[in-house]
Amino acid sequence: MNKHASGLASLALTGALAVSAAPVAADAIDINLNNDAAQFRYLAYDGRAGGFGKREMDVGLIYTTEDDYLAMFGAQMIAEAGAGIPELEAGVGLKIFGTRFDSRNIFALAIGGQLKYSVPPHRRFVLGVEGYYAPDVVTSSRADNFSYLSAYAGYEVVPEALVYVGYRSVRADLTTGGDITVDSGGHFGVRFGF
């Protein structure tokens, strides 16, 4: 195993250990697929965030048919967005990304967040968006910046089981010119809470 692949494996293992060591109140597994890529995520939630919302930690992996992959580990705070709309949740946080694309290895520390809206009156139809961005200063020397954007619409078939369709774009601008796209396009997925 080369040093870059071993670095990504270490990143994923560190994230998994951090999530498993966190005092959690609930967990979820999220899997989504399209013809070219699969994403697997484990999410851990802690409702004891000092009386303000909850903490979320996640570790995940995207793998493509081109043998490219993206490992991620993140943490964020999530709470009602306020303004008298209890159906709207917002979160802000940090994520570490490591990707291998056509023998290029890129690491990034990104800042971003998410919005999730549960449509009333029954709140079973859910709309969400998640985005992260890393500028040059916190991206490895091969890239000028890195971005991760995902949006979805889903339906909670039973409590704690969401089926959804979505769109994801993961890309980086290279220092040598041009850019790479790890994944871009639609997908369908399921998220199970337990």
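Please read these numbers as outputs of a predicted model, since none were measured by experiment.
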Answer whether the closest heavy-atom distance between the side chains of Lys54 and Gln76 falls below 4.5 Å.
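Result no, sub-4.5 Å side-chain heavy-atom pair not found.
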
Heavy-atom distance under 4.5 Å between the side chains of Met77 and Arg55, does that happen here?
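Touching, per the 4.5 Å side-chain cut-off.
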
Are [X] and [Y] joined in one hydrophobic group, where the rule is that I, L, V, M, F, W and Y side chains link up if heavy atoms are under 4.5 Å apart?
X	Y	answer
Ile180	Ile62	yes
Val126	Val119	no
Leu174	Val182	yes
Phe40	Phe73	yes
Val163	Phe192	yes

Would you find a donor on one side and an acceptor on the other, under 3.5 Å apart, between the side chain of [X] and the backbone of [Y]?
X	Y	answer
Asp102	Arg104	no
Thr99	Tyr69	yes
Thr64	Asp68	yes
Arg171	Asp179	no
Arg142	Ile106	no

Ignoring hydrogens and angles, state whether a donor on the side chain of [X] or [Y] is under 3.5 Å from an acceptor on the partner side chain.
X	Y	answer
Ser184	Tyr167	yes
Asp27	Tyr42	yes
Asn32	Arg168	yes
Asp136	Asn145	no

Kindly determine whether Tyr155 and Tyr164 satisfy ring pair (Phe, Tyr, Trp, His ring centres under 6.0 Å), including the steps that lead there.
CA-CA 6 Å; Tyr155 185 77; Tyr164 64 90; over 10 Å; no

Check [X] against [Y] and note the closest heavy-atom contact, atom names and distance.
X	Y	value
Gly154	Leu162	C-CD1, 3.7 Å
Ser141	Thr175	O-CG2, 3.1 Å
Ala37	Asn34	N-OD1, 2.6 Å

Kindly say whether the aromatic ring centers of Phe146 and Tyr133 come within a distance under 6.0 Å.
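No: the rings miss the under 6.0 Å criterion.
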
Assess the residue pair Tyr132 and Gln114 against the criterion (side-chain hydrogen bond (donor to acceptor under 3.5 Å, both in side chains)); give the C-alpha distance rounded to whole Å, side-chain angles, the decisive distance to 0.1 Å, and a yes or no.
CA-CA 9 Å; Tyr132 286 86; Gln114 70 176 19; over 6 Å; no

Please assess Arg41 against Glu130 for the test salt bridge (Lys or Arg N to Asp or Glu O under 4.0 Å), listing each intermediate value before the final yes or no.
CA-CA 14 Å; Arg41 286 174 75 188; Glu130 178 181 24; 3.2 Å; yes

Can you check salt bridge (Lys or Arg N to Asp or Glu O under 4.0 Å) on Asp67 and Arg100, steps first, answer last?
CA-CA 9 Å; Asp67 292 330; Arg100 186 193 73 187; 5.6 Å; no

